[in-house]
Amino acid sequence: MSTKPDPAPLLIACALGIEHLALRSGDRTGADGPVTVLRTGMGPKAAERSLTRILADPALSEAAVLATGFCAGLAPGMHPGDLVVAEETRDPRGSTPCVGTELLVKELLRTVPGRTVHTGPLTGSDHVVRGHERSDLFATGAIAVDMESAATLHSAVRAGVRPVAAVRVVVDAPEHELVRIGTVRGGISAFRVLRAVLPAFFEWHRSLLLPRR
């Protein structure tokens with residue numbers, strides 16, 4: 001008697017304790033297969049170490065990997081609480097293409113109606129980006145920047161063939177820098193959005209498990 005193979009797991013990676021709290025307190029119903037939420041620690045080196053270590057576990061050898069958390073928006077007109085779905089992540093080692101971008105956009109618009117969803121390249125940095133650095137990165141075509149997504153996805157595909165994606169919530173934008181009044185309000189907004197997006201992640205993962213025609 002044949003048995004149905006276990007579905008590939010989903011690994012959701014974030015860097016900060018506050019991001020981990022948002023994801024852990026979100027709605028976990030609707031997941032197909034096991035879901036691991038990993039806190040990598042801040043910065044690209046920490047992300048690379050954490051991903052390399054956890055993907056060495058045979059149980060996660062074929063896991064789909066989704067990097068998430070907060071980011072800094074680069075494009076004028078972005079606001080805290082906006083969402084960024086990466087078409088690719090970039091760092092000095094090159095770019096990592098993301099899978100299922102259009103589906104993620106569709107599911108995010110359904111899951112958190114009223115929120116603006118931006119798509120484009122998500123670039124990596126090893127420090128918090130401010131001032132002219134923001135406009136310099138925007139000139140490269142990137143729409144947002146964070147410190148872990150590029151390293152996370154690079155490490156994930158280096159460890160084996162798997163689908164990867166990155167979804168970030170804007171907490172800091174050109175007209176709403178973290179140092180300005182309103183930071184707390186923007187941070188609360190971003191936290192609530194991050195806590196609400198898990199169902200969209202699960203739908204993305206479910207679509208990867210469907211047999212291809």
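Positions are given from 1 along the sequence. Values reported hereafter were calculated over all heavy atoms of this structure, with side chains retained and with hydrogens, waters and symmetry mates removed.
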Q: Taking all heavy atoms of C71 and all of V84, pick out the closest pair and write down the distance.
A: SG-CG2, 4.1 Å

Q) Taking all atoms of both residues into account, what is the closest heavy-atom pair of S50 and T40, and its distance? A) OG-O, 3.0 Å

Q) Taking the side chain as C-beta and beyond, is there a heavy-atom pair between L104 and T119 under 4.5 Å? A) no

Q: Spell out, yes or no, whether L21 and M42 are grouped together once hydrophobic residues are joined by side-chain heavy atoms under 4.5 Å, including indirect joins.
A: yes

Q | T152 versus A13, closest heavy-atom pair with distance | A | CG2-CB, 4.0 Å

**Q.** Flag, side chain of H205 to backbone of A8, donor-acceptor distance under 3.5 Å
**A.** yes

(Q) Set out, in order, the CA-CA distance, both residues' side-chain angles and the distance that settles side chain to side chain contact (heavy atoms under 4.5 Å, CB included) for H118 and R168, then state yes or no. (A) CA-CA 10 Å; H118 308 268; R168 289 276 170 169; over 6 Å; no

(Q) Under the criterion side chain to side chain contact (heavy atoms under 4.5 Å, CB included), I'd like the reasoning laid out for L55 against L11: C-alpha separation, chi angles, the key distance, then a yes or no. (A) CA-CA 9 Å; L55 292 178; L11 175 63; 3.9 Å; yes

Q | Main-chain N/O of L23 paired to R195 side chain as donor or acceptor, under 3.5 Å | A | no

**Q.** Co-membership, hydrophobic cluster, residues V117 and V167, 4.5 Å side-chain
**A.** yes

Q. So which heavy atom on W204 is nearest to which on V99, and how close?
A. NE1-O, 2.9 Å

Q) Counting only heavy atoms not in R158, do more than 12 sit closer than 6.0 Å to its CZ atom? A) yes

(Q) Does any part of the side chain of I143, heavy atoms only, come nearer than 4.5 Å to the side chain of L74, both counted from C-beta? (A) no

Please table the atom pairs, donor to acceptor, closer than 3.5 Å between any side-chain atom in residues 105-114 and protein atoms at least two apart or in another chain.
{"residue": "E107", "atom": "OE1", "partner": "R110", "partner atom": "NE", "Å": "3.0"}
{"residue": "E107", "atom": "OE1", "partner": "R110", "partner atom": "NH2", "Å": "2.5"}
{"residue": "T111", "atom": "OG1", "partner": "E107", "partner atom": "O", "Å": "2.7"}

Q) Once you round to the nearest 0.5 Å, how far does CZ of R53 lie from CG of L60? A) 12.5 Å

Q. Are L194 and I12 linked, directly or through other ILVMFWY residues, by side chains that come within less than 4.5 angstrom of each other?
A. yes

Q) Would you say the side-chain atoms of E148 pair up with the backbone N or O of P44, donor to acceptor, closer than 3.5 Å? A) no

Q. How far does CG of D172 sit from CE of M78, to the nearest 0.5 angstrom?
A. 11.0 Å

Q: Using modelled atom types only, decide if a donor and an acceptor are shared between the side chain of R115 and the backbone of D82 within a distance under 3.5 Å.
A: no

Q. Atom CD in E102, atom OG in S207: separation rounded to 0.5 Å?
A. 11.5 Å

Q) Going from OG on S149 to CG on L66, what distance comes out if it is rounded to the nearest 0.5 angstrom? A) 9.0 Å

Q: Would you mind reporting whether H20 and V37 have side-chain heavy atoms less than 4.5 Å apart?
A: yes

Q. Has the side chain of T52 got a donor or acceptor atom that lies under 3.5 Å from a matching backbone atom of R49?
A. no

Q.
Has R162 got a side-chain atom pairing as donor or acceptor with V65's backbone, closer than 3.5 angstrom?
A. no

Q: Indicate the atoms forming the closest heavy-atom contact of G73 with V170, along with that distance.
A: N-CG1, 4.0 Å

Q | Contact check, side chains of C98 and E87, non-hydrogen atoms, under 4.5 Å | A | no

Going by atom type alone, with no hydrogens or angles, which donor-acceptor pairs under 3.5 Å involve a side-chain atom of residues 122-129 and a protein atom two or more places apart or on another chain?
{"residue": "S125", "atom": "OG", "partner": "H127", "partner atom": "N", "Å": "3.2"}
{"residue": "S125", "atom": "OG", "partner": "H127", "partner atom": "O", "Å": "2.8"}
{"residue": "S125", "atom": "OG", "partner": "H127", "partner atom": "ND1", "Å": "3.4"}
{"residue": "H127", "atom": "NE2", "partner": "E133", "partner atom": "OE1", "Å": "3.4"}
{"residue": "H127", "atom": "NE2", "partner": "E133", "partner atom": "OE2", "Å": "2.6"}

Q) Honestly curious: do L153 and L16 fall in one hydrophobic cluster under the side-chain, below-4.5 Å linking rule? A) no

Q. Any chain of hydrophobic side-chain contacts (each under 4.5 Å) joining V164 to F201?
A. no

Q) Considering all heavy atoms of both residues, which atom of A22 and which atom of S25 are nearest to each other, and what is their separation? A) O-OG, 3.2 Å

